[in-house]
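Okay, so here's the structure we're looking at.
In this chain, numbering begins with 1 at the start of the sequence shown. Start at 1 and go down the list; that is how both ligands and their atoms are numbered.
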Amino acid sequence: VYDVIVVGARCAGASTAMLLARAGHRVLMVDRAVFPRDTLSTLYIQQRGVAQLNRWGLLDRVAALCPALDRVSYRIGDARLEGCSRPFDGVRSAYAPRRHTLDALLAEEAVAAGVEFRSGCTVEELIWEDGRVTGVRLRGRDRTPVAERARLVVGADGMRSTVAALTGAATLVEHAPQTCVYYTFWESAADHFELYEAEGQWIGAVPTNDGLTLVQAYFPQRAFDRIRGDALAGYLENVRTAAPDLHARMLDGGRAERLYGTGEQRNFFRTAAGAGWVLVGDAGHHRDSITAKGITHAFIQAQLLADRLSEQCAGELANQGALDAALERFARERHAALIDDYHDTLSTARLSTPPHRVAMFREMAGDPQRVEDFFSAMGGAPKRPDRADSGESRSRVVDWMREARRRRDLERQTV
Ligand SMILES: Cc1cc2nc3c(=O)[nH]c(=O)nc-3n(C[C@H](O)[C@H](O)[C@H](O)COP(=O)(O)OP(=O)(O)OC[C@H]3O[C@@H](n4cnc5c(N)ncnc54)[C@H](O)[C@@H]3O)c2cc1C
């Protein structure tokens, strides 16, 4: 009997497995993929997520893969913001490592912490006893069915989670998809993180491994069927109209890979946990990728789960009452930790840029302090100490953005 079986070995699964093994638990981690293997992602890890990597002692390894992103430029209409987030736990840079390198690194660190990792191994069923999950039935590469038992099964198996389906985890909150996205990699197209926003458009340029720049273009969901017919042409036209300078640099350097994309930008929270099982990462909560929060949210959930298990169960998962109490706390605190980001993401994913938003950015551009506040809010950094001391609940910039959103909603209702 293992203490924990973790299904899925990417950002959520590998980091959870690593933390639980470091805490002394006997952990089996399985993934149906064989690593190293890429997955759909525009790669950006916000400062808050990088701070977790730093806390886990992994930042040096990640920083060796790709450039530090400590400068951001954000163009909206004729306004241009340039700056960076304040440090989050001493970390000022974001990073954007290729996922086949990041996920493999996390899985390696899990194994180094003592995790038993079986890749090419698919979980097909859960084992139940007296209404409690007590293990999994899986098939390895040789297709032989195997049963493994554990006190806790962690579903870190992504948006289409098998563990969520088999436990019947309910969808607690759900919103319709709002965007679709296409991206690919270009030679040396940008030396810092660039963002461009216009009505119905959102473009990002993200320097990553090997001197390449990932350029992503977001469209409204309703355009998906039209765009996918000739996705490369639609993607290039989107970048050309919203970010002509970037478009010219892309064509100068040349394209390094095929185009990737998805219209499946789902938004939901599922029940986080039950008797003997828990969901972390995209399995339990998914949001549009536009605000680049999924990796950071996976790390936050891994840490939260490890902390609650360590506090309630004191390194021993055999006490079911203590385990259930830890899972209940995790579920409650997961929701509280992620719900604001969820609503901010839904708002950004509307791809709506009314004139008053442009005017707000124009005004903000002349004030470096506000620009820093803005990028800090984007990167998840805490507010400035002077603002915390004054008792303000959010920085002024975030309040401005809320007000802009309120006005936009009013406009929409009026229409
Ligand atoms: C287009 C796009 C762009 C994105 N860009 C960003 C970004 O810039 N920044 C950011 O922070 N986030 C981004 N995200 C989100 C981010 O990629 C995800 O939030 C993150 O990968 C979630 O990690 P996870 O470990 O929860 O799940 P996943 O990465 O989905 O991993 C789940 C793993 O489970 C395995 N698995 C599934 N079912 C089984 C089974 N039955 N048995 C065994 N194994 C199984 C899979 O093989 C997979 O390896 C983006 C997402 C998309 C789609």
Exercise. Between E257 and R98, does at least one N-O distance fall below 4.0 Å, as a salt bridge requires?
Worked result: yes
For this session: Report yes if some N/O of T122 lies less than 3.5 Å from some N/O of ligand 1; otherwise report no.
Result: no
Exercise. Just heavy atoms, cut-off under 4.0 Å: does V7 contact ligand 1 by side chain, backbone, both, or neither?
Worked result: side chain
Exercise. Can you find an N/O atom of I295 closer than 3.5 Å to an N/O atom of ligand 1?
Worked result: yes
Exercise. Counting both backbone and side chain atoms, is some N or O of A12 under 3.5 Å from an N or O of ligand 1?
Worked result: yes
Problem set entry | Within-cut-off N or O pair, T162 and ligand 1, under 3.5 Å | yes
For this session: Without swapping roles, check the side chain of T262 against the backbone of E264 for a donor-acceptor pair under 3.5 Å.
Result: yes
Problem set entry | Exam field: side chain S347 to backbone H343, donor-acceptor pair closer than 3.5 Å | no
For this session: Provide the number and element of each atom of ligand 1 under 4.0 Å from a heavy atom of L40.
Result: 17 (O), 51 (C), 52 (C)
Exercise. Atoms of ligand 1 less than 4.0 Å from T42 heavy atoms?
Worked result: 3 (C), 4 (C), 5 (N), 6 (C), 7 (C), 8 (O)
Problem set entry | Exam field: side chain D38 to backbone H100, donor-acceptor pair closer than 3.5 Å | yes
Exercise. Hey, which of R118, R26, R137 is the one that makes salt bridge (charged side-chain N to carboxylate O under 4.0 Å, His left out) with E148?
Worked result: R118
Exercise. So is L43 polar-close to ligand 1, meaning N/O to N/O under 3.5 Å?
Worked result: yes
Exercise. Of all the atoms in ligand 1, which lie at a distance below 4.0 Å from a heavy atom belonging to V181?
Worked result: 1 (C)
Exercise. What closest approach, in Å, do M29 and V115 show between heavy atoms, and which atom pair accounts for it?
Worked result: CB-CG1, 3.6 Å
Exercise. Y44 to ligand 1: N or O pair under 3.5 Å?
Worked result: yes
Exercise. For D130, does the CG atom sit with more than 12 other heavy atoms under 6.0 Å from it, leaving out its own atoms?
Worked result: no
Exercise. Is R139 touching ligand 1 with its side chain, its backbone, both, or neither, if touching means heavy atoms under 4.0 Å apart?
Worked result: neither
For this session: Select one of side chain, backbone, both or neither to describe which atoms of C121 lie under 4.0 Å from any atom of ligand 1, heavy atoms only.
Result: backbone
For this session: Could you tell me whether A283 and ligand 1 have an N or O pair separated by under 3.5 Å?
Result: no
Exercise. Between S289 and ligand 1, is there a nitrogen or oxygen pair with a distance under 3.5 Å?
Worked result: no
Problem set entry | Atom CZ of R37: over 12 foreign heavy atoms under 6.0 Å | no
Problem set entry | Basic-acidic side-chain contact under 4.0 Å: D157, R32 | no
Exercise. N/O to N/O below 3.5 Å, does that happen between G294 and ligand 1?
Worked result: yes
Exercise. Is L232 close to R255 at the side-chain level, that is, under 4.5 Å between some pair of heavy atoms?
Worked result: yes
Exercise. Does any N or O atom in R32 lie less than 3.5 angstrom from one in ligand 1, N or O only?
Worked result: yes
